[in-house]
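Working notes, beginning with the structure itself.
These figures come from a predicted structure and were not determined experimentally.
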Amino acid sequence: MKWYVDQYEELMTGKPIISVCGDDCAVCPRFLAKTAEELHETAEFWYKAGWRDHIVTNEEIKCTGCGSHPTCSFMLLPCTKEHGVAMCYECESFQCDKVHNMLNGSYEKMQQCRRVCESVKEFELFQRAFYHKEQNIHAESSMNE
């Protein structure tokens, strides 16, 4: 996605926005895409990477924030609500099976992503966005101790 890679320097040096699952929203193309074309290219990438079974609409791919969904793909949001914490690392059960499963599943998705990225820079952006989960979670927890 040219529009995404064109922001490489800025995105790789920008301040992170870490989600409950450890994704860096500040580098996520779903969060960043603003135009119809950017959203559509993002939806096409999600399909090529195998993260969707079809090319979804722009409205469906557009990020509306984790809190806007009753569930999340890793089921961490309902779990944090159930345990009365904002982030997993605040929970007395951290690192539970849900967190371990999320981290393990991430490796497989990273391999799919690597196969469809058109450049090293594009893959590096996706790595920062989605595949530094464990270090992001630990960095967030140590910053908030």
Side-chain angles (χ1 to χ4, degrees), residues 1 3-5 7-117 121-145:
M1 294 183 298
W3 70 269
Y4 186 51
V5 176
Q7 299 177 60
Y8 179 85
E9 297 301 326
E10 178 184 338
L11 294 176
M12 290 302 281
T13 58
K15 184 177 190 263
I17 302 170
I18 306 303
S19 69
V20 170
C21 67
D23 285 349
D24 184 348
C25 300
V27 190
C28 174
R30 291 184 64 197
F31 180 77
L32 296 169
K34 302 299 180 224
T35 69
E37 184 179 333
E38 291 169 352
L39 288 163
H40 184 71
E41 286 181 30
T42 302
E44 287 179 324
F45 186 93
W46 255 242
Y47 171 69
K48 285 192 289 185
W51 302 337
R52 297 290 189 278
D53 63 2
H54 65 283
I55 298 173
V56 298
T57 65
N58 287 356
E59 283 304 307
E60 196 173 337
I61 201 70
K62 183 179 183 177
C63 176
T64 54
C66 291
S68 66
H69 303 284
T71 62
C72 71
S73 55
F74 304 114
M75 298 307 292
L76 297 178
L77 283 174
C79 189
T80 57
K81 288 181 182 7
E82 179 184 318
H83 287 91
V85 296
M87 300 292 276
C88 292
Y89 63 78
E90 299 170 335
C91 184
E92 63 186 38
S93 299
F94 181 71
Q95 288 198 11
C96 65
D97 286 344
K98 284 183 181 144
V99 171
H100 285 289
N101 291 338
M102 178 224 15
L103 294 172
N104 291 337
S106 223
Y107 179 77
E108 181 181 318
K109 289 185 179 214
M110 181 175 70
Q111 300 315 311
Q112 294 168 312
C113 179
R114 181 181 310 223
R115 284 191 290 275
V116 297
C117 281
K121 283 185 174 183
E122 186 175 54
F123 182 63
E124 288 174 355
L125 288 168
F126 276 102
Q127 278 186 299
R128 175 156 179 201
F130 304 121
Y131 303 117
H132 293 168
K133 291 178 184 305
E134 190 163 19
Q135 75 186 57
N136 289 342
I137 291 169
H138 288 293
E140 281 291 300
S141 69
S142 60
M143 283 176 39
N144 292 298
E145 287 179 346

Quick one: pull up [atom1] in [X] and [atom2] in [Y] and give me the separation to the nearest 0.5 Å.
| X | Y | atom1 | atom2 | answer |
| --- | --- | --- | --- | --- |
| Glu37 | Asn58 | CD | CG | 10.5 Å |
| His83 | Glu92 | NE2 | CD | 7.0 Å |
| Lys98 | Cys21 | NZ | SG | 14.0 Å |
| Met110 | Lys133 | CE | NZ | 11.5 Å |

Next item on the list: Determine, step by step, whether Tyr131 and Lys109 satisfy the side chain to side chain contact (heavy atoms under 4.5 Å, CB included) criterion, reporting the C-alpha distance in whole Å, the side-chain angles of both residues, the deciding distance to 0.1 Å, and the verdict.
Entry: CA-CA 9 Å; Tyr131 303 117; Lys109 289 185 179 214; 3.7 Å; yes

Check [X] against [Y] and note the closest heavy-atom contact, atom names and distance.
| X | Y | result |
| --- | --- | --- |
| Thr13 | Arg128 | N-NH1, 3.7 Å |
| Asp23 | Asn136 | C-ND2, 4.3 Å |
| Gly22 | Ile137 | CA-CG1, 3.8 Å |
| Met87 | Thr80 | C-CG2, 4.2 Å |

Next item on the list: Kindly indicate, with the supporting measurements, whether the criterion side chain to side chain contact (heavy atoms under 4.5 Å, CB included) is fulfilled by Trp3 and Leu32.
Entry: CA-CA 10 Å; Trp3 70 269; Leu32 296 169; 4.0 Å; yes

Check: So, Glu108 side chain and Asn104 main chain: donor-acceptor pair closer than 3.5 Å or not?
Finding: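 Not a single qualifying donor-acceptor pair exists.
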
Note to self: Tell me if a side-chain donor or acceptor on Glu38 pairs with a main-chain N or O of Lys34 at a distance below 3.5 Å.
What the structure shows: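 Such a contact is found between Glu38 side chain and Lys34 backbone.
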
Next item on the list: I would like to know whether Glu124 and Tyr8 meet side chain to side chain contact (heavy atoms under 4.5 Å, CB included); could you show each step before the answer?
Entry: CA-CA 9 Å; Glu124 288 174 355; Tyr8 179 85; 2.3 Å; yes

Margin query: Using the ring-ring contact (aromatic ring centres under 6.0 Å, His included) definition, which of the options Tyr4, Phe123, Trp51 pairs with Phe45?
Written below: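 For Phe45, the ring-ring contact (aromatic ring centres under 6.0 Å, His included) test succeeds with only one of Tyr4, Phe123, Trp51, which is Trp51.
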
Note to self: Out of the candidates Cys113, Pro29, Cys117, only one should pair with Glu122 under the side-chain contact (heavy atoms from CB on, under 4.5 Å) rule; please name it.
What the structure shows: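 Of the listed residues Cys113, Pro29, Cys117, the side-chain contact (heavy atoms from CB on, under 4.5 Å) partner of Glu122 is Cys117.
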
Note to self: Show, in sequence, the C-alpha distance, side-chain angles and deciding distance for Leu39 and Glu59, and conclude whether the side chain to side chain contact (heavy atoms under 4.5 Å, CB included) test is met.
What the structure shows: CA-CA 8 Å; Leu39 288 163; Glu59 283 304 307; 5.8 Å; no

